[in-house]
Amino acid sequence: MKIYNTLTKQKEEFVPLNPPNVGIYVCGPTVYDYFHIGNARSFIMADIIQRYLRYKGYKVKFVMNLTDVDDKIIKKANEEGVDAKVIAERFSKAFFEDIEKLKIKKADIYPKATEHIGEIEDLIKKLEKKGIAYKVNGDVFYDVRKFKEYGKLSGKKIDELESGARVEINEKKHNPLDFALWKNAKPGEPHWSSPWGEGRPGWHIECSAMSMKHLGETFDIHAGGHDLIFPHHENEIAQSEGANDKPFVKYWIHFGFLNIKNEKMSKSLGNFFTAREFLQKYSAEVIRLLFSQTHYASPLNFSDEILNSAQKGLEKITNFVQEISFRENIDEGSYPDIDLQKYYTRFEEAMDDDFNTPKAVAVIFDLIKDVNKIMNGGEKHSGKFYSDVKKFLDKTAGNVLGIIKNVNITKNDSSKEIDSLLNLIVEIRQEAKNKKAYDLADLIREKLSKLGYFIQDTKTGTTIKKKL
RNA sequence: GGCGGCGUAGCCAAGCGGUCUAAGGCGAAGGUCUGCAAAACCUUUAUUCGUCGGUUCGAAUCCGACCGCCGCCUCCA
């Protein structure tokens, strides 16, 4: 299995530090607002990565942090005249609601910055002791010049950065690129007492402290959006490696942006849609299919057109799953000449190649086409065949990509009853058809459709599907 | 200004030295099945991969120049 590593700028064979264990840390949200569909892309792609690693048999420990102290949270709290905690709690809750709706598998741990002040403090002390951090009036800064490898992730050079036009001017810093580890609290801001006075942690140090605590000083995979490479992840490396003198992360993965009209979707540009808004109109599966059809690292230009395209594609998948679910129970006949193992292999080859989900999706569609062809042959086939196909889809498109809707109408006893009633209706309609009472047959179809059930007459019998 | 990425059919998007007369999805046209409908299937829809050169027996894939687009260098997934 290969992963493109931002640190080395090449695809590398994935060798975990401690197989079969794999530690993954993904930069989560700053909980000051609902997250937008661009953020959702990162969360979903990280989800697919961890699901695939589990599929491969790795024992994954997946950590996603919540930044719950931050300038933006404080700003919002001030605007509303409430405590910063109120804002953080409100949007943490919203975050969990939204990722659940997006069918994102829960992380093993969601550490919060405010619950790791002790670890953060220890880390800063360590850096201070080594002479890498310095204090100025209650603020503590990281001295970028003290870390020789600064810039190794982003490919930037300190000198070039300094001459850049947009470096913040702050006379307190030794070097314009130095960044805050600890911020002196202004009145009304959340604060904790520390050796440097009342204050709060800087953003970058949180992730170093929390990832280290939950995954160790060196761990396998760290992922996040492309815009975090610099300065966030660069600074994390500086902090962690500066303190521990050992490699921080083995593989760095970065997700491409979701663009709108060719521009990065972001809160600051104002060209965003929240994930919640989208979920009202499109299902999680549609969004996931859409994202899966582009490689995680490439930019993805968002538009109604591609959304509709994904929706149609998903319908094709859903129709198919309903069809085989139906046949799984009733059909009897031969097992057709098809080697499902071939599709597993192709799926894995695609995913093994730096999580090539577009290719993996193509395998799913190939399978669907091939099986549809078999079903169109007019012959009946064994239920075992259909359940094998279904198992394949559940394992790959379902458990890894998350693009299979639950089509089971029959889940409990009461719906079993519904099933037999539906079958009765189908039989009656068949009688009507036999007597060429097409008006009546069409009426039944029409009425059922209004109730959300679609009747379809196929070569091998009538099937009924529920609208999903 | 520095650093990085991208440009493949009407749209989206894989492919990254030969199996490419280039996957897959959407769309479009015609057809099959059907009482009709729906679903599905079949056929067609890029001899060509931004442009121009070069390397090579061989290039969408490597190199160079140019054109166009985007991102990072400030909070941002």
Side-chain angles (χ1 to χ4, degrees), chain A residues 6 9 11 26-30 32 35-46 70-72 75 151 154-157 159-168 177 203 223-232 234 254-259 262-269 272 289-290 292-295 297-303 305-317 319-320 322-323 346 350 353 356-366 368-369 371-378 433 436-439 441-442 445-446 449 454-459 463 465:
Chain A
T6 311
K9 295 201 189 330
K11 270 189 208 172
V26 179
C27 289
T30 298
Y32 73 103
F35 65 84
H36 61 63
I37 195 79
N39 301 316
R41 163 133 102 135
S42 289
F43 300 152
I44 286 173
M45 295 323 284
D70 165 270
D71 292 350
K72 286 181 181 167
K75 187 173 168 239
S154 57
K156 296 182 190 300
K157 304 260 183 299
D159 297 334
E160 285 161 358
L161 283 164
E162 279 178 358
S163 58
R166 302 199 296 187
V167 180
E168 182 194 350
L177 292 168
W203 177 42
H226 213 261
D227 48 0
L228 296 184
I229 295 175
F230 191 90
H232 187 56
E234 193 69 70
H254 289 98
F255 306 115
F257 296 133
L258 189 74
N259 292 160
N262 247 348
E263 258 187 341
K264 175 186 173 184
M265 179 183 284
S266 72
K267 290 273 166 63
S268 34
L269 286 171
F272 66 93
L289 175 63
L290 173 62
S292 297
Q293 282 180 301
T294 300
H295 186 79
S298 307
L300 195 168
N301 221 346
F302 212 55
S303 66
E305 207 168 0
I306 63 161
L307 221 22
N308 291 335
S309 160
Q311 179 136 40
K312 289 284 185 189
L314 206 257
E315 272 171 32
K316 187 177 201 165
I317 296 171
N319 279 332
F320 178 78
Q322 289 193 113
E323 190 71 37
R346 284 217 286 144
D353 182 18
N356 191 331
T357 52
K359 219 178 194 175
V361 169
V363 175
I364 304 299
F365 278 112
D366 280 345
I368 290 174
K369 183 169 229 170
V371 173
N372 266 325
K373 225 178 270 186
I374 289 169
M375 289 197 287
N376 245 6
K433 280 176 66 180
K436 300 214 189 295
Y438 294 123
D439 287 356
D442 290 349
R445 183 166 63 197
E446 190 189 317
S449 165
F454 295 117
I455 276 193
Q456 300 184 339
D457 301 319
T458 71
K459 242 184 221 174
T463 61
K465 291 174 181 170

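Below, chains carry the letters A, B, ... as their sequence lines are ordered, and counting in each starts from 1. Quick caveat, the model's predicted, so the values are computed rather than measured.
Side-chain N/O atoms of A/K264 include none lying less than 4.0 angstrom from OP1 or OP2 on B/C76. Phosphate proximity of B/A77 to A/N39: present, with a side-chain N or O under 4.0 Å from OP1 or OP2. Under 4.0 angstrom from either OP1 or OP2 of B/A38 there lies no side-chain N or O belonging to A/K465.
Residue A/K267 is out of contact with every strand shown, counting any heavy-atom pair closer than 4.0 Å. The residue A/L290 sits apart from the nucleic acid: no heavy atom pair falls under 4.0 Å. Contact annotation for A/S298: backbone-only contact, meaning every heavy-atom pair under 4.0 Å involves sugar-phosphate atoms and none involves a base. Base contact: A/M265 has a heavy atom under 4.0 Å from a base atom. Counting non-hydrogen atoms under 4.0 angstrom, A/H36 reaches a base of the nucleic acid. In this structure, A/G224 reaches the sugar-phosphate backbone alone: every heavy-atom distance under 4.0 Å involves primed, P, OP1 or OP2 atoms, never a base. As judged by a 4.0 angstrom heavy-atom cut-off over every strand, A/G256 is placed among the base-contacting residues.
Interface remark: the A/R445 side chain does form a donor-acceptor pair with the B/A37 base, using a distance-only criterion of under 3.5 Å. Side-chain N/O atoms of A/K72 and base N/O atoms of B/C76 include no donor-acceptor pair closer than 3.5 Å. Judged by atom type and distance alone, A/D227 does not reach the base of B/C75 through any side-chain donor-acceptor pair under 3.5 Å. At a cut-off of 3.5 angstrom, counting only N and O atoms as typed in the model, there is no donor on one side facing an acceptor on the other between the side-chain of A/N356 and the base of B/G15.
Side-chain proximity of A/N319 to the nucleotides B/A40, B/C42, B/C76 is greatest for B/A40. Among the nucleotides B/C3, B/G35, B/A77, the one closest to any side-chain atom of A/K156 is B/C3. Listed nucleotides B/C3, B/C76, B/G35 differ in distance to A/A441; the shortest reach to its side chain belongs to B/G35. Of the candidates B/C69, B/C41, B/C76, B/C69 carries the atom nearest the A/N262 side chain, counting heavy atoms from C-beta on. In the set B/A77, B/G35, B/G15, B/A77 carries the atom at the smallest distance from any side-chain atom of A/F257. Side chain of A/S268, nearest nucleotide from B/C41, B/C76, B/C69: B/C76.
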Notebook entry, point to check: Which parts of nucleotides 19-29 of chain B does protein reach within less than 4.0 Å, heavy atoms only, written one letter per nucleotide 5' to 3' as B for base, S for sugar-phosphate only and - for none?
Noted result: ----BSBSS--

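Every residue was checked against the side chain to side chain donor-acceptor pair (under 3.5 Å) condition with A/K72, not counting sequence neighbours, and none meets it. For A/K267, the salt bridge (charged side-chain N to carboxylate O under 4.0 Å, His left out) criterion is met by no residue, not counting sequence neighbours. A/F320 pairs by the ring-ring contact (aromatic ring centres under 6.0 Å, His included) definition with nothing, not counting sequence neighbours. Not counting sequence neighbours, the partners of A/D366 by the side chain to side chain donor-acceptor pair (under 3.5 Å) test are A/R346. Under the rule for a side chain to side chain donor-acceptor pair (under 3.5 Å), the partners of A/E234 that lie at least two apart in sequence or sit in another chain are A/S154. Qualifying side chain to side chain contact (heavy atoms under 4.5 Å, CB included) partners for A/H232, counting only residues two or more places apart in sequence or in other chains: A/C27, A/W203, A/H204, A/C207, A/L228, A/E236. Partners of A/D442 by side chain to side chain donor-acceptor pair (under 3.5 Å), not counting sequence neighbours, listed by chain and number: A/R445.
Residues A/E323 and A/V371 have side chains not in contact (no heavy-atom distance under 4.5 Å, counting atoms from C-beta outward). Looking at A/H36 and A/L258, their side chains never come closer than 4.5 Å, going by heavy atoms from C-beta outward. Side chains of A/F365 and A/I317 form a contact here, defined as non-hydrogen atoms less than 4.5 Å apart. Taking the side chain as every heavy atom from C-beta outward, A/L290 and A/F302 approach each other to under 4.5 Å.
B/G1 and B/A13 have their C1' atoms separated by 35 Å, with the value rounded to a whole Å. Atom name C1', nucleotides B/G10 and B/G54: the rounded distance is 34 Å, in whole Å.
Closest-nucleotide positions on RNA chain B for A/D439 and A/T294 were compared, and the one nearer the 5' end corresponds to A/T294. Nearest-nucleotide assignment on RNA chain B puts the 5′-proximal partner with A/S154, out of A/N372 and A/S154.
Where pairing requires Watson-Crick or G-U contacts shorter than 3.5 Å, the helical stems of RNA chain B with at least three consecutive pairs are B:1-7 with B:67-73, B:10-12 with B:24-26, B:27-32 with B:40-45, B:50-54 with B:62-66.
Rounded to whole Å, the distance from CG on A/D353 to P on B/G15 is 7 Å. Protein atom CD1 of A/I368 is 10 Å distant from nucleotide atom P of B/A40, rounded to whole Å.
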